[in-house]
Amino acid sequence: MAAAVVVSRSLRSLLIRRVMAPTHPGLSLSLRPMSSIAQDVASTAAPRDAPDHNYESLRVTAAQKHILHVQLNRPEKRNAMNKAFWREMVECFNKIAQDPDCRAVVISGAGKLFTAGIDLMDMASEMLQPQGDDVARTSWYLRSLLSKYQETFSVIEKCPKPVIAAIHGACIGAGVDLITACDIRYCAQDAFFQVKEVDIGLAADVGTLQRLPKVIGNQSLVNELAFTCRKMMADEALGSGLVSRVFPDEVQMLDAAFTLAAEISTKSPVAVQGTKINLVYSRNHSVAEGLNYVATWNMSMLQTQDIVKSVQAAVEKQELKNVTFSKL
């Protein structure tokens, strides 16, 4: 017990020295009490439309401080993904990636379900009547088109802000492509998931076959779902690791998703966004490559003032929501 007390005191002294150590010329920090005014991460104010986010297929609102809510917003069409959607998701998440105020994103579907997948009626002309004078030119056009569609969901993965998918009702076809590009997935008890592409005569080509095996870690189950197009219900999705939590209904699910986003938003944006970038990199690289990458990453990121502020909060037993981190 005495040894533990000595270790605790030694650690505290080490943290204090690190906090009080100068960081850059002209910058000095002390252990003065932090502001008692907490960041407003749980504002009860009504969501407001986010500036510079005006779309046909999406609605983007500032749900809480530092949190954006992206809704698939074609409820009358079961949130089917039309031509505008494939373009607007890229625009939306490229803007979010550059938004210094945003620290977390929740994505959900308006209306009775998350999404019915591709809007076949709207997309038929591009898919079934591709441009080109011969096989080579038509194939070249289709490859370019598919690469563009793939970016619609890859942009979520590339965005350094954590993205939480909140799924209720059906999540069909391209909806699975979308959620597997997200960082965290919650669902309501009524949710189901369906890799639907084989039923319409094609192989899924915008992310499911590449990301789903890594998400759930069960190739046999992925093969079964992709070959048969059967529905995976919420409890099976939880058991397989596709989602991390299941809630009784949409309201409780969204409340939990925004609570999670609010908690994430209290952390250092340097730490959170660096963590996401390194997790995505390490998924597709060896352990040695991942370690080398994070060492290179942190040789600059460890110099952030966010470490000083976080350690100061720990020493003073302050909650991180009371710490003001600079925009990133």
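Position 1 is the first residue of the sequence, and the numbers go up from there.
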- For Y281, enumerate each residue passing the side chain to side chain contact (heavy atoms under 4.5 Å, CB included) test, keeping only those at least two apart in sequence or located in another chain.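 H285, E289, Y293.
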- Pairs in or reaching into residues 208-220: which pass salt bridge (charged side-chain N to carboxylate O under 4.0 Å, His left out), with residues at least two apart or in two chains?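 Matches after skipping sequence neighbours: E157-R211.
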List the residues meeting side-chain hydrogen bond (donor to acceptor under 3.5 Å, both in side chains) with [X], not counting sequence neighbours, and say none if there are none.
X	answer
D134	R137
D255	none
Y186	none
N298	none

Taking ring pair (Phe, Tyr, Trp, His ring centres under 6.0 Å) as the test, write out the residues that go with [X], two or more places apart.
X	answer
Y55	H53
F93	none
F85	none

- Task: Say whether, by atom type as modelled, one donor and one acceptor occur between the side chain of S265 and the main chain of A262 under 3.5 angstrom.
- Result: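 Yes; judged by distance alone, with no hydrogens or angles, the pair exists.
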- Tell me, please, which residues at least two apart from D49 pass salt bridge (charged side-chain N to carboxylate O under 4.0 Å, His left out).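 Partners of D49 by the salt bridge (charged side-chain N to carboxylate O under 4.0 Å, His left out) criterion, ordered by chain and then number, come out as R59.
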Sequence neighbours excluded and cut-off under 3.5 Å, please list the side-chain donor-acceptor pairs for residues 104-116, or say none.
unit_1	atom_1	unit_2	atom_2	d
S108	OG	H69	NE2	2.7
T115	OG1	N79	O	2.7
T115	OG1	G117	N	3.0

Would you list the atom pairs, donor with acceptor, under 3.5 Å between side chains in residues 230-244 and any protein atom, with sequence neighbours excluded?
unit_1	atom_1	unit_2	atom_2	d
R230	NE	E224	OE2	2.6
R230	NH1	E236	OE1	3.0
R230	NH2	E224	OE2	3.2
R230	NH2	E236	OE2	2.7
D235	OD1	Q189	NE2	3.2
S240	OG	E236	O	3.2
S240	OG	A237	O	3.1
S240	OG	L242	N	3.4
S244	OG	R185	O	3.3

